[in-house]
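Below you'll find the structure, written out as structure tokens, and then a few comments.
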Amino acid sequence: MRHAERLSMNVTLTEIILLCGFALIQLSLKLFAKFPLKKEYIMSFAAGVGVSYVVVHLLPALGNGQAVINASFGWNEGILHRFGIYLIVWVGFVLSYVSHRVDDISARKMKMTRQGKEMLYYYSDIGFFSLYNLISGYLLIDRDFTSLRASIIYFSAIGLHFLMIAWGLQHHHGSIFERSGKWILSACLLAGGVLGIFVQFHLSVVYVAEALLTGAMVLNSIRFELPIDHQASLGSFLFGTVLATVLFILL
């Protein structure tokens with residue numbers, strides 16, 4: 001939880017280790033792929049983790065941001081005073097949906113080949129998750145870890161989330177993500193951490209960015225992460241969502 005109006009620059013060795021650990025997780029997909037698991041099991045497990053991450057971790061965390069943006073923007077009463085942060089989440093959801101629709105329309109109008117469409121969607125996904133990783137790295141530097149137990153729980157929960165994001169992108173985009181995408185995401189995560197060390201944004205700016213990304217993550221979870229019926233494993237989904245929910249609650 002953040003207690004100051006500006007982010008702290010007190011960086012600990014724990015935060016640096018966790019940041020590097022998350023970056024390595026996104027580069028470790030080849031090791032993960034060695035486990036003999038069916039794709040539908042992993043997809044359903046990843047969907048469960050993604051849904052829990054949004055509902056149990058991201059949305060409740062934004063509740064703290066309402067008071068901050070109220071003070072920053074002068075929202076002393078009315079709808080924005082009570083629901084402003086969630087309206088920003090809504091804006092993020094709508095913008096993300098519009099972005100995906102624009103990609104679809106552009107691909108049709110330009111009469112792209114299948115390979116061209118796949119590259120368009122790849123760059124769109126990498127652009128979004130690069131920004132997401134940048135902000136995630138920035139926020140990690142601000143966290144206070146009071147014990148080894150708290151550090152292990154945080155690494156387990158968020159590391160699982162990052163692993164499932166990387167697996168999902170590799171599943172959708174194949175070898176091009178293996179060649180370049182995972183390196184871009186890891187670099188953006190580290191860059192966010194470096195930015196957090198040397199640059200201090202006002203906390204309201206950070207909460208607004210978090211809210212916009214949360215809206216986009218909600219759309220991602222609903223539209224892209226939940227597998228369709230013939231590719232779904234109910235048991236894997238339930239295991240993923242229960243495991244992730246427990247970890248996020250422990251945070």
Worksheet entry | Tyr123 atom OH, over 12 foreign heavy atoms within 6.0 Å | no

Item to complete: Indicate yes or no: at least one non-hydrogen side-chain atom of Leu212 is less than 4.5 angstrom from one of Phe93.
Response: no

Discussion item. For the CD1 atom of Ile165 and the CZ atom of Phe129, what is their distance to the nearest 0.5 Å?
Written reply: 5.0 Å

Discussion item. Checking Phe239 now: which residues fulfil side-chain contact (heavy atoms from CB on, under 4.5 Å) with it, not counting sequence neighbours?
Written reply: Phe45, Leu243

Worksheet entry | Polar side chain donor-acceptor pair, His173 to Asp125, under 3.5 angstrom | yes

Item to complete: Indicate the atoms forming the closest heavy-atom contact of Leu190 with Cys20, along with that distance.
Response: CD2-CA, 4.3 Å

Response to the item:
On a heavy-atom basis, the closest approach of Leu19 and Gly193 is CD2-CA, 3.7 Å

Worksheet item: Taking the side chain as C-beta and beyond, is there a heavy-atom pair between Asn70 and Leu80 under 4.5 Å?
Response: no

Worksheet entry | Stepwise side chain to side chain contact (heavy atoms under 4.5 Å, CB included) test for Ile158 and Phe248 | CA-CA 8 Å; Ile158 305 302; Phe248 291 133; 3.9 Å; yes

Item to complete: Provide the closest heavy-atom pair for Gly159 versus Phe22 in the form atom of the first, atom of the second, distance.
Response: N-CE2, 3.4 Å

Worksheet item: Leu27, Leu163: one ILVMFWY side-chain cluster at the under-4.5 Å cut-off?
Response: no

Worksheet item: Among all residues two or more places apart in sequence or in another chain, which pass the side-chain contact (heavy atoms from CB on, under 4.5 Å) test with Leu148?
Response: Ile152

Worksheet item: Under 4.5 Å between any side-chain heavy atoms of Val89 and Leu62, yes or no?
Response: yes

Worksheet item: Do you reckon Leu140 sits in the same ILVMFWY cluster as Leu24, going by side-chain contacts under 4.5 Å, direct or chained?
Response: no

Fill in: Tyr138 (side chain) donor-acceptor with Val199 (main chain) under 3.5 angstrom
yes

Discussion item. Quick one, Trp75 and Gln66 - any side-chain contact, counting heavy atoms below 4.5 Å?
Written reply: yes

Worksheet, complete the sentence: Ser130 and Ile184 have their tightest heavy-atom pair at OG-CG2, 3.4 Å

Practice prompt. May I ask you to test the Glu210-Ile85 pair for a side-chain heavy-atom distance under 4.5 Å?
Written response: no

Fill in: side chain to side chain contact (heavy atoms under 4.5 Å, CB included) assessment of Leu195 paired with Phe201
CA-CA 10 Å; Leu195 185 67; Phe201 292 108; 4.0 Å; yes

Worksheet item: How many angstroms lie between atom CD1 of Ile88 and atom OG1 of Thr214, to the nearest 0.5 angstrom?
Response: 10.5 Å

Worksheet item: Could you give the distance from OG (Ser99) to CZ (Phe128), rounded to the nearest 0.5 Å?
Response: 10.0 Å

Worksheet item: Do the non-hydrogen side-chain atoms of Ile17 and Phe155 ever get within less than 4.5 Å of each other?
Response: no

Worksheet, complete the sentence: The reported gap from CG in Leu87 to CZ in Arg82 (rounded to nearest 0.5 angstrom) is 12.0 Å

Practice prompt. Indicate the ring-plane relationship of Tyr53 and His57, choosing parallel, tilted or perpendicular according to the 30° and 60° boundaries.
Written response: tilted

Item to complete: Decide if atom CH2 of Trp90 counts as having more than 12 heavy atoms of other residues, nucleotides or ligands within a radius under 6.0 Å.
Response: no

Discussion item. Side chains of Leu134 and Leu185, heavy atoms from C-beta outward: is any pair under 4.5 Å?
Written reply: no

Worksheet item: Do side-chain atoms of Ser186 reach the backbone of Lys182 as a donor and acceptor pair under 3.5 angstrom?
Response: yes

Worksheet entry | side chain to side chain contact (heavy atoms under 4.5 Å, CB included) evaluation trace for Phe177 with Ile126 | CA-CA 9 Å; Phe177 179 78; Ile126 288 299; 4.0 Å; yes

Discussion item. Any non-hydrogen side-chain atom of Thr241 less than 4.5 Å from a side-chain atom of Val49?
Written reply: no

Worksheet item: Does any N or O in the side chain of Ser28 come within less than 3.5 Å of the main-chain N or O of Ile25, such that one atom is a donor and the other an acceptor?
Response: yes

Discussion item. With side chain to side chain contact (heavy atoms under 4.5 Å, CB included) as the criterion, how do Cys188 and Trp183 come out once you've worked through the C-alpha distance, each side chain's angles and the decisive distance to 0.1 Å?
Written reply: CA-CA 9 Å; Cys188 286; Trp183 297 99; over 6 Å; no

Worksheet item: Counting only N and O atoms by type, is there a donor-acceptor contact under 3.5 Å from the side chain of Tyr154 to the main-chain atoms of Leu18?
Response: no

Discussion item. For the residue pair Ser52 / Thr245, report whether a side-chain donor-acceptor contact shorter than 3.5 Å exists.
Written reply: yes

